[in-house]
Amino acid sequence: MFSAVLAASRLHAATGTVVGGSVYSKIAQQCLSQRGSYSQIEKPMQKVRKFGDWRSFFNSNLLFRSENINVNAVEKNHNQSVSSKRWNIIQFFRSYSNVPLANPLKVNTKVLNNVMLYRFEKPFMFKAAAAFGILTCIGCLTMADTIYLVLCKDLFNPEKDLWTRLKAHVLPLAGISIGVICGPLILITVWFITVRSVKYLILHKGGKSITLVAYHPIKMEKKYARKLEEVSSVAARSDKKGYVPLKLKGVRFHFILDKQGHFVNPELFDCTAGIKRFE
């Protein structure tokens, strides 16, 4: 019995392998090798599970271990490609920006004589507007005075309480307020629009200064002589608005170039007075 056990142990040692001071069979060795390969696969998966969010997952080098990719080299190449694309875009736009912005149409602005840029000749319309404003103001003030004389006789009667008198004269007081406020307001509005409406815009010899001629209710017209550096167009002539606002240094509010007028030299206007130089 003892000899049979000893023979079996010798056979097992002959067909087995020494691992860590112990003798194992080939089947056991295969199982151990498979278990080791599984453990190697499970280790990175456990690390992936331990990630808190997607940033830590992409910041780790785990995704690049299988291919041995240098992350720093990839980022460097990417930055170089992005910078080269940006440089190409800049060069593309620089190639089309050789024309100065002040004169994109390459128009000769150094004129030999005075040249009219804009003309809007409607003096009768502004005379009628001024007359309308004056008559409306006079009519409203006359209406307010009549209402006061006819309907407000007891407004300052000391025998009655003030609150009682005000309640009895609500409508007369409203009519007086409308007449006193609306009449002068209409006149001021008509006056302001008239003095800011441009009649002529003239470019002087040499193309460095202009003269703006505006309407005036009393003087009929008023002139403003300025250098081109002191003139700025707030909007372009091609905009959908019905007018072009023009700003002069030293003058409050904008002047109005009505598009119903005639731009005699539109390209010359765009390259001189039609440029936005300041707010």
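Note that this is a predicted model, so its numbers are computed, not measured.
- To the nearest 0.5 Å, atom NZ of residue Lys160 and atom CG of residue Asp154 are 5.0 Å apart.
- Side-chain contact between Ser233 and Val244 is present, with heavy atoms from C-beta onward closer than 4.5 Å.
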(message) Is there a side-chain hydrogen bond (donor to acceptor under 3.5 Å, both in side chains) between Thr211 and His204? Walk through the geometry before answering.
(response) CA-CA 7 Å; Thr211 295; His204 291 292; 2.3 Å; yes
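- Looking at heavy atoms from C-beta onward, Arg226 lies out of side-chain contact with Ser209 at the 4.5 angstrom threshold.
- Proximity of Val231 to Ile210: side-chain heavy atoms (C-beta onward) are separated by under 4.5 Å at one or more points.
- In this structure, OG in Ser232 is found 7.0 Å from NZ in Lys276, a value given to the nearest 0.5 Å.
- No continuous path of ILVMFWY side-chain contacts below 4.5 Å connects Leu203 to Leu112, so the two sit in separate hydrophobic clusters.
- Minimum interatomic distance between Cys137 and Gly183 (heavy atoms only, all atoms of both residues): CB-O, 3.6 Å.
- With hydrogens and angles ignored, the 3.5 Å screen pairs a side-chain donor or acceptor of Lys259 with a backbone N or O of Asp239.
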(message) What verdict does the side chain to side chain contact (heavy atoms under 4.5 Å, CB included) test give for Phe263 and Leu257, after you've listed the backbone C-alpha separation in whole Å, the side-chain angles of each residue and the deciding distance to 0.1 Å?
(response) CA-CA 10 Å; Phe263 288 92; Leu257 276 71; 4.1 Å; yes
(request) Go through the steps for Tyr215 and Met220 under the test side chain to side chain contact (heavy atoms under 4.5 Å, CB included), then give the verdict. (result) CA-CA 6 Å; Tyr215 286 97; Met220 303 309 297; over 6 Å; no
Only distances under 3.5 Å count here; give the side-chain donor-acceptor pairs of residues 115-134 to other protein atoms, sequence neighbours excluded, each with its distance to 0.1 Å.
{"unit_1": "Tyr118", "atom_1": "OH", "unit_2": "Asp258", "atom_2": "N", "d": "3.0"}
{"unit_1": "Tyr118", "atom_1": "OH", "unit_2": "Asp258", "atom_2": "O", "d": "2.4"}
{"unit_1": "Glu121", "atom_1": "OE2", "unit_2": "Tyr200", "atom_2": "OH", "d": "2.4"}

(request) Apply the test side chain to side chain contact (heavy atoms under 4.5 Å, CB included) to residues Val251 and Arg196: give CA-CA distance (whole Å), side-chain angles for both, the deciding distance (0.1 Å), then the verdict. (result) CA-CA 10 Å; Val251 181; Arg196 287 293 178 266; 3.5 Å; yes
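- With sequence neighbours left out, Leu149 forms a side chain to side chain contact (heavy atoms under 4.5 Å, CB included) with Asp145.
- If you take CZ on Arg277 and CD on Glu229, they are separated by 6.5 Å, rounding to the nearest 0.5 Å.
- Cation-pi contact between Lys249 and Phe278: present, with separation from the ring centre below 6.0 Å and deviation from the ring axis of at most 45°.
- Atom OG1 of Thr272 and atom CG of Asn265 lie 9.0 Å apart (nearest 0.5 Å).
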(message) As a quick check of understanding, evaluate side chain to side chain contact (heavy atoms under 4.5 Å, CB included) for Lys222 and Val213, giving each step before the final call.
(response) CA-CA 6 Å; Lys222 188 175 180 179; Val213 181; over 6 Å; no
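- Linking ILVMFWY residues whenever their side-chain heavy atoms come closer than 4.5 Å, directly or via other members, leaves Ile178 and Val170 in distinct clusters.
- Put simply, the side chain of Leu212 reaches to within 4.5 Å of the side chain of Leu248, judged on heavy atoms.
- Residues Ile138 and Leu187 share a single hydrophobic cluster, defined by chaining ILVMFWY side chains whose heavy atoms lie under 4.5 Å apart.
- Distance SG/Cys140 to CG/Leu185: 10.0 Å, rounded to 0.5 Å.
- Between the OG1 atom in Thr146 and the CG atom in Leu151 there is a gap of 9.5 Å [rounded to 0.5 Å].
- Every residue two or more places apart in sequence or in another chain was checked for a salt bridge (Lys or Arg N to Asp or Glu O under 4.0 Å) with Lys153, and none qualifies.
- Tracing side-chain contacts under 4.5 Å through hydrophobic residues (I, L, V, M, F, W, Y), one reaches Leu166 starting from Tyr148; they form part of the same cluster.
- In this structure, the side chains of Leu268 and Val111 come closer than 4.5 Å at one or more pairs of heavy atoms.
- Looking at heavy atoms from C-beta onward, Leu155 lies in side-chain contact with Leu173 at the 4.5 angstrom threshold.
- Residues Tyr243 make up the rest of the hydrophobic cluster containing Ile256, defined by ILVMFWY side-chain heavy atoms closer than 4.5 Å, directly or through other members.
- With sequence neighbours excluded, the residues forming a salt bridge (Lys or Arg N to Asp or Glu O under 4.0 Å) with Glu221 are Lys199, listed by chain and number.
- When all heavy atoms are compared, the tightest approach of Trp191 to Ile218 is CH2-CD1, 3.4 Å.
- Residues Ile275 and Phe269 form no side-chain contact, since every pair of their non-hydrogen atoms from C-beta on lies 4.5 Å or further apart.
- Two residues are said to be in side-chain contact when any heavy atoms from C-beta on lie closer than 4.5 Å; Leu246 and His254 fail this criterion.
- No chain of hydrophobic side-chain contacts below 4.5 Å, direct or via other Ile, Leu, Val, Met, Phe, Trp or Tyr residues, connects Val150 to Leu171.
- Residues in residues 162-188 take part in no side chain to side chain donor-acceptor pair (under 3.5 Å) pair, two or more places apart or across chains.
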